[in-house]
Amino acid sequence: MQIRNDVSFYAPLGLVANPFVPHAEEDLGLGSALEITAAVNTLLGCIAQASSSERSQVIVVDKSTDIPSYYHLRAIGHLESMLINDDELDLLHAYIPLFTLRRGRIRSTLGVIAERLAFRSFDDTIAALVERILAEPDPGIPSFDAIEGDVLDSFAARFASDPLATVREHFGEAELERRPELAEVVDIRLAGLDNDVVEDEGALEVDATVGDAPGTGVALPEADSDEQDEARELMVTYLLDYVALHLSPVIARGLRMYRERGLAALSAELKVTRAPRKTLRAVVDLATANFSKVVVIYDGFENWGAIEPETKAKIVGAFKEMVELLGDRAIFCFLLERGVADEIRSAFPDSTVVPWDFANLERLQAGDAALDIDIVTDWLEASAVPGSAPLTLDDGVLAELVRRSENDLNRFVSMASAAIEDAAGRGCASLDEAALAAALSAGDALPAGHTASEAK
């Protein structure tokens, strides 16, 4: 059975995921794989809960130092996969290792979020942005005069009928590079920008010294002169002018580069700014036109102790500044080794703490294929929607599956996972007779003698 990336699918059962469907793990038995799944589900539940909050949210993952880092890395990799593929949860995430902060405490965060945004269904993001613009037109922009009336009405009608097709007609398909001859040309503009800058509200994101991306406006095909193409250019001009005025000139330039060259140039352009705080705020604003929130995940703090105290203070200060800057549009998640980076914990005393102990690994790796009631209970609790009463083995269906499993972990997991999938698929709030029938059918389908120790 494959992992289903859809928190809402399991929500009626009070679950964020099926606790008995493991992620694919190399060289691990079923029990160890499900222990990793439990860690993923615990954090996923907290993120899902934070996504519905109207205030800024900070989550601290307390990573045990008693186990190999492999387990933490596998868990965060699986979490990323679930965040990327859960369209209903609708979150954009950015994973940022600590060492990248040497490129600038704010600027490095901007860079990763910009890349994630550019390469995640960006035509959907443009469509969401255009919808915002159409809802609040600005007649004060000079380019509005050229579209007012027929041009704007025609565009709005086509957009209402098919937003994505209209976006692609005006901005192009989501291609990596429209001009292959420029793919290997190095953009050196970032090298001329300070990593960490002092910035106020009056700081300019771009000025005459920033310069343009390679190939900007050079050797472009001549525009056709028919009325439809002229209307398209007028409309795009207004949209970009609107974005530059109301959102960010960096984003307007990025959209222009996306139209001329594609996703790679867009991603690079969003990082070219003299005011990274203002641009970060604007990029997250753009992201939340399409996504409900941005999840910013920081990891790699194992060498925190080797950092100079002054640098630590600046990093923590930047974290606090970004939490305040982005407010309820972002969820910040810090993956910290136990006993490390207490300065970060102290900076966010009201954070939600998620322990990643993998406490059952030793018993699971002992090679015992027997069903352990306490471990299964832990997995059920880890997968429960925060604040809800978790499923327990006192549930009538699960209790029957324990009885019929003949104390075999693999048999129980196969049946329990089938029961949950069946009930969730029908939108049930509890496991019922139909779920039990699906579970027993899955158990009957197991090969004779197949045990948990054989499941990889």
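The first residue in the sequence is number 1, and the count goes up from there.
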Exercise for review: Would you please test Lys314 and Glu310 for side-chain contact (heavy atoms from CB on, under 4.5 Å) and show each step?
Suggested key: CA-CA 6 Å; Lys314 290 179 178 178; Glu310 182 180 356; 3.7 Å; yes
Point to revise | Test: Arg178 cationic atom under 6.0 Å from Tyr258 six-membered ring centre, within 45° of axis | key: yes
Practice item. Give a yes or no on whether the ring-centroid distance for Phe334 and Phe348 is below 6.0 angstrom. Key: yes
Point to revise | Ring center gap for Tyr95 and Tyr298 short of 6.0 angstrom | key: no
Would the distance check show the side chain of [X] and the main-chain N or O of [Y] forming a donor-acceptor pair, the cut-off being under 3.5 Å?
{"X": "Thr42", "Y": "Ala38", "result": "yes"}
{"X": "Arg158", "Y": "Ala165", "result": "no"}
{"X": "Arg116", "Y": "His93", "result": "yes"}
{"X": "Ser154", "Y": "Asp150", "result": "no"}
{"X": "Thr37", "Y": "Ala33", "result": "yes"}
{"X": "Arg345", "Y": "Val60", "result": "no"}
{"X": "Glu35", "Y": "Ala359", "result": "yes"}

Review point. Relative to each other, are the rings of His246 and Tyr242 parallel, tilted or perpendicular (30° and 60° limits)?
Key: tilted
**Study point:** Geometric class of the Phe358/His72 ring pair [parallel <30°, tilted 30-60°, perpendicular >60°]
**Key:** perpendicular
Point to revise | With Ser81 via side chain to side chain contact (heavy atoms under 4.5 Å, CB included) - residues at least two apart | key: Asn85
Point to revise | Side-chain donor-acceptor contact under 3.5 Å, Thr65 with Glu337 | key: no
